[in-house]
Number of protein chains: 2
Amino acid sequence: MGVIEKLPTRVRKAAPAPAAKNLPLGQIIQGDCIAVMAALPDDSVDMIFADPPYNLQLGGDLYRPEGGRVDAVDDDWDKFDTLAIYDKFTRAWLAEARRILKPNGSIWVIGSYHNIFRVGTAIQDQGFWILNDIVWRKSNPMPNFKGTRFTNAHETLIWASKSEGSRYTFNYRAMKTLNDELQMRSDWLFPVCGGQERLKRGGSKAHPTQKPEALLYRILLAATKPGDVVLDPFFGTGTTGAVAKRLGREWIGIERETDYIEVASERIAAALPLDESALKTMQSPKAAPRVAFGTLVETGYLKAGSEICDAKRRWRAEVRADGSIEFNGETGSIHKIGAAVQKAPSCNGWTFWHHETADGLKPVDTLRQTYLLATEP
Amino acid sequence: MGVIEKLPTRVRKAAPAPAAKNLPLGQIIQGDCIAVMAALPDDSVDMIFADPPYNLQLGGDLYRPEGGRVDAVDDDWDKFDTLAIYDKFTRAWLAEARRILKPNGSIWVIGSYHNIFRVGTAIQDQGFWILNDIVWRKSNPMPNFKGTRFTNAHETLIWASKSEGSRYTFNYRAMKTLNDELQMRSDWLFPVCGGQERLKRGGSKAHPTQKPEALLYRILLAATKPGDVVLDPFFGTGTTGAVAKRLGREWIGIERETDYIEVASERIAAALPLDESALKTMQSPKAAPRVAFGTLVETGYLKAGSEICDAKRRWRAEVRADGSIEFNGETGSIHKIGAAVQKAPSCNGWTFWHHETADGLKPVDTLRQTYLLATEP
DNA sequence: TTGTTGTATGAATCTGTCG
DNA sequence: CCGACAGATTCATACAACA
């Protein structure tokens, strides 16, 4: 196992370039991905990116609080009768994927909690070697409208080499540079695909689950070299192809639906090679720090049950377990209660409320500063 | 399926409190967790938090599901045997965990990419229903010293109810309050356990994978009610017990190693419970007693024959003696008529309809608040 | 031209109770 | 088990409409 930024000569000879001449490079092949992959030669592609169906198992319609209906994924291609059938499908396409992958190649698969555990288990069972699990944190996820669970704000990617001893590609320097000279972590922050980037067809979205180009950009930059062959067995609207073209990688797409193939073809034809300025927006992986008052309670910087007061000790409030505070029977956030006691329309609770320290009263904001200093990634 | 902040009477009856009297509350039971759980009654605990081992090779020995050991030297173990044994172990303890969990209980399991996919698959296969996968982002992870992969900066938690239809506990308001009035997301940021919190024994860390109390604090606050019974089958140094005690939850620990039990016992003995007022959290309106619109009419808070309208005075309706309202000859509840005038599928009449006051238009919901305050016992 | 306000929407396993 | 109905519930972003 190890890192390759420059392939040693003997490996080059073991996987000679001429093999690529038989590959359908830069093409979208229509058909079932298992059957299409079966027709490709062993050990022939450098990387596989796969965004398989998630098997969402949704119930009835879901309505937003303001009345709109959520446009859910209700396509036939996402429906499987049982988990066993889904597993069988997963193992079948993974087996073909592994066969056509070069010995030093790697695979990326994206999923959500509905399917990613099945996929990860299958990947391990088939002899792939997991290198990382990566979390795509969405900066703008859909909320949980009914307040029944935590906002489902991320998806998971699995990165695995063909086998344990593989000398896979990982462009460590490129990733570190992309992350302001800090090692790139396993949690990535990107917005969901929308705006100009989101492909439309007849006024509505061309594909229900189009992935952002920034995500593929980071993946291809991290785990392939220029000229490498990237295969995407669930091509959809061709994000993988478009980004591969921009980054000077070869690509092969497999897709069943004619509509998606049309959209993807146009899109990739229009894709331009790398434009430095356009990349800027994709290169700010760091999240803006935001600390909730409740976090200070959870982490023990301020104890539940302790007392906070204003700078002149006119009002005293008690901190509760969930980060709300109580004053005279009224409860709410530090901001809301701060405003209420002053009969002001609003209040910055961070600077209004103070806590006792050895050096006298200090604004709770100083605790936030301390917390940030201690936890800044 | 749904959220419970207040259990309905019939469910209380189905899972009576007396059962808890037979449980070893506040105790650490020494032994193999599968055997110990096997001695606990069906449907008896409200929540299970589990931090199972992910490296099967501990002290050179390989664990077996039965709790016995295997000589790893004599046998020709490859990774597939290891995975199979791990799966067997996982399914065995999960099966016992599910049996002793109350029908409306839930389970949390934490792991990394080495084991979480096996665990997640087993959880789904055994009939648990996944509610969320949660990412614990570490603010100060161990760097990848060799620069061969992405910094492994997170761990994954799976939260699942006993079955699909379970009415699990989720304290939505408390989580929202804890997060500065924004829905709590599925990605959580905490530092790894260190400093004063990290338990030492003979100068070195007492346990290799001690979890931060802040993590357990959020989990218990989110998914249990005061007095609930929380079981931890891999108790270690007792973070679950210490936080449960602090938050007024009952706990049961299972642990094999005598050293860990000693450390955990001392730690929990020293933990201080929060007093009742600090323990209070923000409650959803769901948990408050219901007030019918008609009650406000009966009690004179709103006069029969008076007029209500929406916030922009587009629609006006008349209040009738039985608490129904009339708009353009159509009559029904405030919700039904509110939905009808907007041509929306549904509507919360409490916030949609307003009444005239000295301070201008106010939602009729404020009358309900006034009524509740006045009639509070 | 510029700022403000309103509306649309994103891989979602999204209610509770009573008859 | 199903239908009816009360009533609880949303964050970030893009873009159009409007001032």
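Throughout, protein chains are lettered first and strands after them, A, B, ... in sequence-line order, and every chain is numbered starting at 1. All figures in this text were calculated on a predicted structure; none of them were measured in a lab.
For B:Phe293, the ring pair (Phe, Tyr, Trp, His ring centres under 6.0 Å) partners at least two apart in sequence or on another chain are B:Trp350. Residues passing the ring pair (Phe, Tyr, Trp, His ring centres under 6.0 Å) test with A:Phe235 are A:Trp251, sequence neighbours excluded. B:Lys343 pairs by the side chain to side chain contact (heavy atoms under 4.5 Å, CB included) definition with nothing, not counting sequence neighbours. Applying the ring pair (Phe, Tyr, Trp, His ring centres under 6.0 Å) test to A:Phe80 and every residue at least two apart in sequence or in another chain returns A:Tyr86, A:Phe89. Scanning for salt bridge (charged side-chain N to carboxylate O under 4.0 Å, His left out) contacts around B:Lys280 gives an empty result, with sequence neighbours left out. With sequence neighbours left out, B:Trp353 forms a ring pair (Phe, Tyr, Trp, His ring centres under 6.0 Å) with no residue at all. Applying the side-chain hydrogen bond (donor to acceptor under 3.5 Å, both in side chains) rule to A:Thr156 yields no partners; only residues at least two apart in sequence or on another chain are considered. In terms of the salt bridge (charged side-chain N to carboxylate O under 4.0 Å, His left out) criterion, A:Arg64 has no residue partners (sequence neighbours excluded). In terms of the side-chain hydrogen bond (donor to acceptor under 3.5 Å, both in side chains) criterion, residue partners of B:Thr121 (sequence neighbours excluded) are, by chain and number, A:Thr121.
Between B:Asp133 and A:His154, the side chains place a donor N or O and an acceptor N or O closer than 3.5 Å (distance only, hydrogens not considered).
Counting non-hydrogen atoms under 4.0 angstrom, A:Asp51 reaches a base of the nucleic acid. A:Gly67 comes within contact range of no nucleotide atom at all, as no heavy-atom separation falls under 4.0 Å. Nucleic acid contact for A:Gly195: sugar-phosphate only, since backbone atoms but no base atoms lie under 4.0 Å from a heavy atom of the residue. Counting any heavy atom pair closer than 4.0 Å across all strands shown, A:Pro52 reaches a base atom. Base contact: B:Ile130 has a heavy atom under 4.0 Å from a base atom. Using a 4.0 Å heavy-atom criterion, one finds that A:Asp71 contacts the sugar-phosphate atoms exclusively.
As rounded to whole Å, 13 Å separates atom P of C:dG10 from atom NE2 of A:His207. For the pair A:Phe150 CZ and C:dT13 P, the interatomic distance rounds to 13 Å; values are reported in whole Å.
Look at the C1' atom in both D:dA12 and C:dT13: the space between them is 23 Å, to the nearest Å. When the C1' atom is used for both C:dT9 and D:dT10, the distance is 12 Å, rounded to whole Å. To the nearest whole angstrom, the two C1' atoms, one in C:dT1 and one in D:dA19, are 12 Å apart. Here the separation of D:dG7 from C:dC14, taken at their C1' atoms, is 15 Å to the nearest Å.
Residue A:Gln196 places at least one side-chain N or O under 4.0 Å from the OP1 or OP2 atom of D:dC15. Taking only side-chain nitrogens and oxygens, A:Lys205 never comes nearer than 4.0 Å to OP1 or OP2 of C:dT9.
The 5' end of DNA chain C is approached more closely, in terms of each residue's nearest nucleotide, by B:Lys312 than by the other of B:Lys312 and A:Gly203.
Secondary structure note: stems in DNA chain D built from 3 or more consecutive Watson-Crick or G-U wobble pairs under 3.5 Å occupy C:2-10 with D:11-19, C:15-19 with D:2-6.
Across residues 112-121 of chain A, A:Tyr113, A:His114 each have a non-hydrogen atom less than 4.0 Å from an atom of DNA chain C (numbered order).
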Check: Just by protein heavy atoms under 4.0 Å, how would nucleotides 6-11 of chain D read 5' to 3' in B, S and -?
Finding: SBBBBB

